Peer 1: 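A single structure is presented below for examination.
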Protein chains: 2
Amino acid sequence: MHRMASFVHPDLEDVPLGAVLSALADPARRAIVRRLACDAEQEGGGLACSVAAPPDLPRATMSNHYTVLRAAGLVRARKVGVSVLHTLRRDEVERRFPGVLEAVLAVQE
Amino acid sequence: MHRMASFVHPDLEDVPLGAVLSALADPARRAIVRRLACDAEQEGGGLACSVAAPPDLPRATMSNHYTVLRAAGLVRARKVGVSVLHTLRRDEVERRFPGVLEAVLAVQE
DNA sequence: TTCATAGTTCAATATATCCGAACTAACAGA
DNA sequence: TCTGTTAGTTCGGATATATTGAACTATGAA
């Protein structure tokens, strides 16, 4: 039986550093995070999964990448209509792991 | 047939960010990197593999972790007698990925 | 209804990691 | 030169993780 989608958004205090680094180690996930970082608007914003993800990524793989990013506390999801909009939890991550995400985003690649 | 050990030390310019993040994502490898960061003496220094690694780590696993760390450009190895001494390539990593390693090291865990 | 779109879940497969066992390399003592 | 010891590597098989096609759910529009 298939279960319904329910997004997990851990408190950053419960996220280990390894989870964040592991999530950011994947190029497709970094691409998503970079796009969300550009989409800076705070409330009511966010990008649909397939908008932030690399264009030729298989859907199942994309969905899995978002699950990893949410579990690492890096992004927040909310369902709007038929889409799932994601935003970067930039300030929360910065408070918990100062400089880590910012340094990664600053790397040109 | 068993081949002889020969350490690979890539130019940092050839190392992708993902390799560094992936290497640092593992807790045992971070423990090694933290210990090498404390052992700050530059020339002639370095710590033997088993000295910097967590004490109860299986030797094959430990050796593999050092291979990953070297391939990520994070550490440099040189054989001295029966030991292999490792040093952190801290300045080189900092030049290539400013703030990344420092931010990771700054996290208390 | 019916259809389309966005994304998830499942399950099979591919890939990567872990680690015991066997090995090499370097040195010390007899 | 043996024999032994210590440090670490390599191999290979077991285990764990990642990828992705296909089936599915959820929402909205025609």
Side-chain angles (χ1 to χ4, degrees), chain A residues 1-9 16 18-32 35-36 39 45-72 74-87, chain B residues 1-9 16 18-32 35-36 39 45-72 74-87:
Chain A
M1 210 62 139
H2 290 256
R3 266 185 287 280
M4 227 264 296
S6 69
F7 305 123
V8 175
H9 295 122
V20 170
L21 296 176
S22 178
L24 292 173
D26 184 274
R29 289 194 291 260
R30 274 203 309 285
I32 291 170
R35 275 195 168 259
L36 295 180
D39 177 65
L47 296 178
C49 292
S50 51
V51 171
D56 54 350
L57 202 62
R59 303 180 140 221
T61 307
M62 177 193 75
S63 183
N64 181 57
H65 282 321
Y66 277 102
T67 302
V68 172
L69 288 171
R70 288 191 299 267
L74 284 165
V75 304
R76 189 180 300 281
R78 75 206 157 83
K79 188 149 193 184
V80 173
V82 84
S83 301
V84 176
L85 304 188
H86 281 90
T87 53
Chain B
M1 212 71 104
H2 289 255
R3 265 186 287 277
M4 228 265 295
S6 69
F7 305 124
V8 175
H9 295 122
V20 169
L21 296 175
S22 177
L24 291 173
D26 184 274
R29 289 195 291 258
R30 275 204 307 286
I32 291 170
R35 272 187 165 269
L36 295 180
D39 177 65
L47 295 178
C49 293
S50 51
V51 170
D56 54 351
L57 200 64
R59 301 179 144 228
T61 307
M62 177 192 77
S63 184
N64 181 57
H65 282 322
Y66 277 103
T67 302
V68 172
L69 288 171
R70 287 191 300 266
L74 284 166
V75 304
R76 189 180 299 282
R78 75 204 157 85
K79 188 150 193 184
V80 173
V82 83
S83 301
V84 175
L85 303 188
H86 281 91
T87 53

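All heavy atoms count here, side chains included; hydrogens, waters and symmetry mates do not. Lettering follows sequence order; numbering is per chain, from 1. Computed from a predicted structure; not experimentally measured.
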Peer 1: Can you tell me how far the CZ atom of B:Arg70 sits from the CZ atom of B:Arg76, to the nearest 0.5 Å?
Peer 2: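 Going from CZ on B:Arg70 over to CZ on B:Arg76, the span is 12.0 Å.
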Peer 1: Taking OP1 and OP2 of D:dT20, is either one under 4.0 Å from a side-chain nitrogen or oxygen of A:Thr61?
Peer 2: yes
Peer 1: Given 3.5 Å as the limit, does a donor-acceptor pair link the side chain of B:Thr67 with the main chain of B:Ser63, or not?
Peer 2: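 It does hold such a pair.
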Peer 1: Measure from CG on B:Leu85 to P on D:dT9 and round the result to the nearest Å.
Peer 2: 12 Å
Peer 1: Measure CZ/A:Phe7 against C1'/C:dT9 and give the value in whole Å, please.
Peer 2: 13 Å
Peer 1: Please find the pair of heavy atoms, one from B:Ala77 and one from B:His86, that lie closest to each other, and give the distance.
Peer 2: CB-NE2, 3.3 Å
Peer 1: Return the nearest nucleotide to the side chain of A:Cys49; candidates are C:dT8, D:dG8, D:dG21.
Peer 2: C:dT8
Peer 1: Find which nucleotide of DNA chain D each of B:Met62 and A:Lys79 is nearest to by heavy atoms, and output the residue with the more 5' nucleotide.
Peer 2: B:Met62
Peer 1: Could you tell me how far apart A:Tyr66 (OH) and D:dA18 (P) are, to the nearest whole angstrom?
Peer 2: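 That distance rounds to 18 Å.
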Peer 1: Any idea which of C:dC19, D:dG21, D:dG8 is nearest the A:Pro58 side chain?
Peer 2: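 Between C:dC19, D:dG21, D:dG8, the one nearest the side chain of A:Pro58 would be D:dG21.
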Peer 1: With a cut-off of less than 4.0 Å, is there a side-chain N or O of A:Ser50 near OP1 or OP2 of C:dG7?
Peer 2: yes
Peer 1: Please report the interatomic distance CG(B:Asp26) to CG(B:Asn64), rounded to the nearest 0.5 Å.
Peer 2: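 The distance works out to 9.5 Å.
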Peer 1: Measuring from the side chain of A:Val82 (C-beta onward, heavy atoms only), which nucleotide among C:dG7, D:dA26, D:dG8 has the closest atom?
Peer 2: D:dA26
Peer 1: The side chain of B:Ala48 lies closest to which of these nucleotides: D:dG8, C:dG20, D:dT9?
Peer 2: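 That would be D:dG8.
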Peer 1: Hey, does B:His65 reach any base, or is it just sugar-phosphate, or nothing, if we go heavy atoms under 4.0 Å?
Peer 2: sugar-phosphate
Peer 1: Between A:Gly81 and A:Asp26, which residue's closest nucleotide on DNA chain D lies nearer the 5′ terminus?
Peer 2: A:Asp26
Peer 1: Check the distance between C:dA6's P and A:His86's NE2 and give it to me in whole angstrom.
Peer 2: 15 Å
Peer 1: Please check: side-chain N/O of A:Arg29 versus main-chain N/O of A:Ser22, any donor-acceptor pairing under 3.5 Å?
Peer 2: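 Checking the backbone N and O of A:Ser22 against the side chain of A:Arg29, a donor-acceptor pair under 3.5 Å is found.
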Peer 1: Take the protein atom CG of A:Leu47 and the nucleotide atom C1' of C:dG7, then report the distance between them rounded to whole Å.
Peer 2: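 Whole-Å distance recorded here is 15 Å.
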Peer 1: Of the options D:dA22, D:dT10, C:dA25, whose atoms approach the side-chain atoms of B:Ser63 most closely?
Peer 2: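 Given the options D:dA22, D:dT10, C:dA25, the side chain of B:Ser63 is closest to D:dT10.
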Peer 1: Distance check needed: D:dG12 C1' versus B:Asn64 CG, whole Å only.
Peer 2: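 To the nearest whole Å, that distance equals 14 Å.
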Peer 1: Quick one: B:Asp56 CG to C:dC18 C1', roughly how many Å, whole number?
Peer 2: 14 Å
Peer 1: Counting just side-chain N and O atoms, does B:Arg29 come under 4.0 Å of either OP1 or OP2 of C:dT17?
Peer 2: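 False: B:Arg29 side-chain N/O out of range (4.0 Å or more) of C:dT17 OP1/OP2.
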Peer 1: Just how far, in rounded Å, is P of D:dA26 from CZ of A:Arg78?
Peer 2: 20 Å
Peer 1: C:dC10, OP1 or OP2 - any side-chain N/O from A:Arg59 closer than 4.0 Å?
Peer 2: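 So the side chain of A:Arg59 is outside the cut-off, no N or O lying under 4.0 Å from OP1 or OP2 of C:dC10.
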